[in-house]
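To start, the structure itself, in structure tokens.
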Amino acid sequence: MFNVNRRMLTRGALAAAVAIPATLFAGFALAQVEGQPTPGGLGLPNMVTPVGLGTQQFYNMVLMPIISFIALFVLGLLVYVSYRFNEQKNPIPSKLTHNTPLEIIWTLIPVLILLFISVPSLRLLAEQVEVPEASVTIKVTGNQWYWSYKYPEDQGGGFGFDQMLKPESELQPGDLRLLSVDNEAVVPVNEVIAVHITSNDVIHAFGVPSFGVRMDAIPGRLNQTWFKIEKEGVYYGQCFFICGKDHAYMPIVIRAVSREKYNEWLAQAKQKFASADSRVRVAAESH
Amino acid sequence: MASSTMAGAHDHPRGLRRFLFSTNHKDIGTLYIILGSIGGVIGFLLSLGMRLELAYPGVQIFPGLAEALQGADPSMALDAGKNLYNVFITVHGVLMIFFMAMPILIGGFGNWFVPIMIGAPDMAFPRLNNISFWLLFASLVLAVISMFVEGAPGMKGFGGGWTFYPPLSSNTGSPGPAMDFVILALHLAGASSILGAINFITTIFNMRAPGMTLHKMPLFVWSMLVTAFLLLLVLPVLAGCVTMLLTDRNFGTMFYDPAGGGDPLLFQHLLWFFGHPEVYIVILPGFGIISQIVSTFSKKPVFGYLGMAYAMVSIGVLGSIVWAHHMYTVGMSLNAQRYFTLATMVIAVPTGIKIFSWIATMWGGSISFRAPMVWAIGFIFVFTMGGITGVVLANASADKQFHEGYYVVAHFHYTLSLGAVFALYAGFYYWFPKMTGYMYSETLAKANFWLLFIGVNVVFFPQHFLGLGGMPRRYIDYPDAYALWNLVSSSGMIFVTLSLIVWFYAIIEAFMKKRLAGANPWGVGATTLEWTLSSPPPFHQFQVLPRITGASR
């Protein structure tokens, strides 16, 4: 009878130990709105692109467990050594200064850990760098202190616009301070979008955390990256390279909509942003 | 044996002449420690300003600061404040690296203890030593002046980060003379360190006492040898890099300007070719100090001496071929990113060997938890934390998520503000009795440790969360979602400030109480040569060279 009670207690404790953190985590996940930072968030944002999901998996399932283990292991050793070998407990120090097998182990095991990390690491890297065939290509230019976008004519575009931070005085309910802009960049969901990134003046960087995307905008250089957004919504990014006094004031907003809505928006945008110098074509080469 | 009465003890210089024209490695070491402390305090005040601003969303204090410090017009105060924040982050980085960590660790402890530890009477080139110090002083003056002249149009000071990439640092972004002052400051600081490196290498190779082979010298001396080689090899690259920026800005060249066929990326490669070894230059002397302290207070020789020495050598060599891991988002080729990822990860191996060897040194020892040892044990833990986030960032694929965000800021502050600074304090308390002749108060020294330990962990641990959440670095203001961890981070500064006050008081108290430390306050574990001399040592020591029989490491 006693044993049954003990087992029940243990099971109950175990259940609680699993359920409570799980609920908290689930709570965290529910609290997260895609595309924007979670207030008081502890971890990576919810990702909406394959690259972003790959990054999340690599960090949460490979890197974090390994580094957490190493930190706790070293801490544990330090605590143990300090406790066991303090001068009261161990007045006579040993003279041991070598142990070749130990030295081999603590060289080999880190090497193996690093090899283990490098496999998913390099796989994810290739996915990030090798731009697949894109259905939409957008040219993004960093300026002091705003982003501008050009949609090519032969993809239904032929216009360009600037994306300016909405001043605090103009924020509407639902807008985000320092993140909301006047003109959102609209793209179709579930299609590969290639972005060609450059700068008009100093170095900026185009970064959208929930896409897993970050690429420098360098004058005189055209960088390329890509994303495929798998969920409709509004996604915020910021400038990720110091570019002067308003470095914190040039956000990025990308809205992912269905292909139909995207075509409608293209037509409207063409009229809204029509100007002589925004006729951009995508060259007919492959990527 | 040391004797100050040998060789017809001539009067040593006094007063201004003693310090202005010093050729004594101990006095010059003291000058460096004082300069480094001043640089560190100013760097700390700048960081206090930044954390105060970042405590709450919105811009609260920098516009007022710009009006007060720079005489900015109230109508321009917000813009001037934003620029001033960028100037603060820039000068904070420059001061902490070039005018706090390097002067104290290399110029201070290196100059003081390398000659003594190898049984030499002084450095190989005592007058060169003097000019190294005063060049650094001049450099600091120029760096401070830069804050008060025009940088960006209508703004004072250069605010492009300590890495000062063009075009923000060229005439495109910073037409005013502030950046030119920074460049000239770097020329002088670079020259100071190159000359110092020549001095250290020559001293260590040529002036070891009879019987002290390279494999018998203390690990602190090894750390200084590797550091000196790194300085000698990479500072000229920085010099070339900043000189080309100077000519781009003032003499019409186009090295970094695409309009003239140049490339902003050339700057980044040159800067980081220097910049990455630079961070190893900052930490390696710290590694040497920790080895000495762990050994002394465990009353055991360091575990695996050769492994430790050659781990430092390999960290130096490897650290010189991984620079582009600072450039993963510039649009580098896939193969280049692959190489730099793998090469950077390899550095974790010798570093891990060192961490495990320090623990193995403590294992079986008879550990005394005096203040230097407490700092050293703290170092081992916090440097490990910084090192493992470094392994995360080494991966180009993961770095795409973290580049130029707060995760990187957390990483390098854990290795620097926690790692290098803890090693610095450890060395400070270890050698304070030797340098001054007075013993510090254990209570104050340990209070210093705990306040700083709590403080910097509260400041920097939440910054991992901010980085994971996507907060960019070098930002004066942030979206409201980042408010919680910014407030927590800023609150840690209370403890950091208190720890600094305790540190000052500990120094004053030791000089007031005048408890004599004696030649060796640390007991049997202190086996290096400085503990055979009086505290403080005579003005000239080892005028008769000691003969080294056993290992004195």
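- For Phe73(A), the part sitting under 4.5 Å from any heavy atom of chain B is the side chain, from C-beta outward, and nothing else.
- Pairing each heavy atom of Leu125(A) with each of Ala396(B), the nearest pair is CD1-CB, 3.6 Å.
- A salt bridge does not link Arg214(A) to Asp399(B): none of the charged side-chain nitrogens sits closer than 4.0 Å to a carboxylate oxygen.
- Note: Tyr80(A) and Trp363(B) have tilted aromatic rings, judged against thresholds of 30 and 60 degrees for the angle between ring planes.
- When heavy atoms are compared at a cutoff of 4.5 Å, Ile355(B) approaches chain A solely by way of its side chain, counted from C-beta outward.
- Residue contact with chain B, scored on non-hydrogen atoms closer than 4.5 Å, involves the backbone and the side chain of Thr107(A) alike.
- Counting heavy-atom pairs closer than 4.5 Å to chain A, the top-ranked of the candidates Leu466(B), Asn486(B), Leu265(B) is Leu265(B).
- Heavy atoms closer than 4.5 Å to chain B are found in the side chain of Gln128(A), but not in its backbone.
- Note: Leu168(B) leads Leu168(B), Ile380(B), Leu484(B), Ile89(B) in heavy-atom pairs under 4.5 Å with chain A.
- The part of Leu179(A) that comes within reach of chain B is its side chain, from C-beta onward, which places non-hydrogen atoms under 4.5 angstrom from that chain.
- For the pair Ser366(B) (side chain) and Asn90(A) (backbone), a donor-acceptor distance under 3.5 Å is present.
- Only the side chain of Ile218(A) comes within contact range of chain B, with heavy atoms under 4.5 Å apart.
- Contact of Leu63(A) with chain B is made through the side chain alone, with heavy-atom distances under 4.5 Å.
- Looking at Val129(A), only its side chain comes within 4.5 Å of chain B, counting heavy atoms on both sides.
- Of the listed residues Val349(B), Asp79(B), Asn83(B), the one with more heavy-atom pairs under 4.5 angstrom with chain A than any other is Asp79(B).
- Contact tally against chain A (heavy-atom pairs below 4.5 Å) for Pro167(B), Ala152(B), Gly81(B), Pro166(B): the top residue is Pro167(B).
- Within the 3.5 Å criterion, the main-chain N or O of Phe241(A) finds no donor-acceptor partner in the side chain of Glu404(B).
- With a 4.5 angstrom heavy-atom cutoff, Glu168(A) does not touch chain B via any of its atoms.
- Taking the six-membered ring for Trp and the full ring otherwise, the centers of His247(A) and Tyr475(B) sit less than 6.0 Å from each other.
- Options Gly304(B), Gly469(B), Gly173(B), Ser368(B) differ in how many heavy-atom pairs under 4.5 Å they form with chain A, and the most are formed by Ser368(B).
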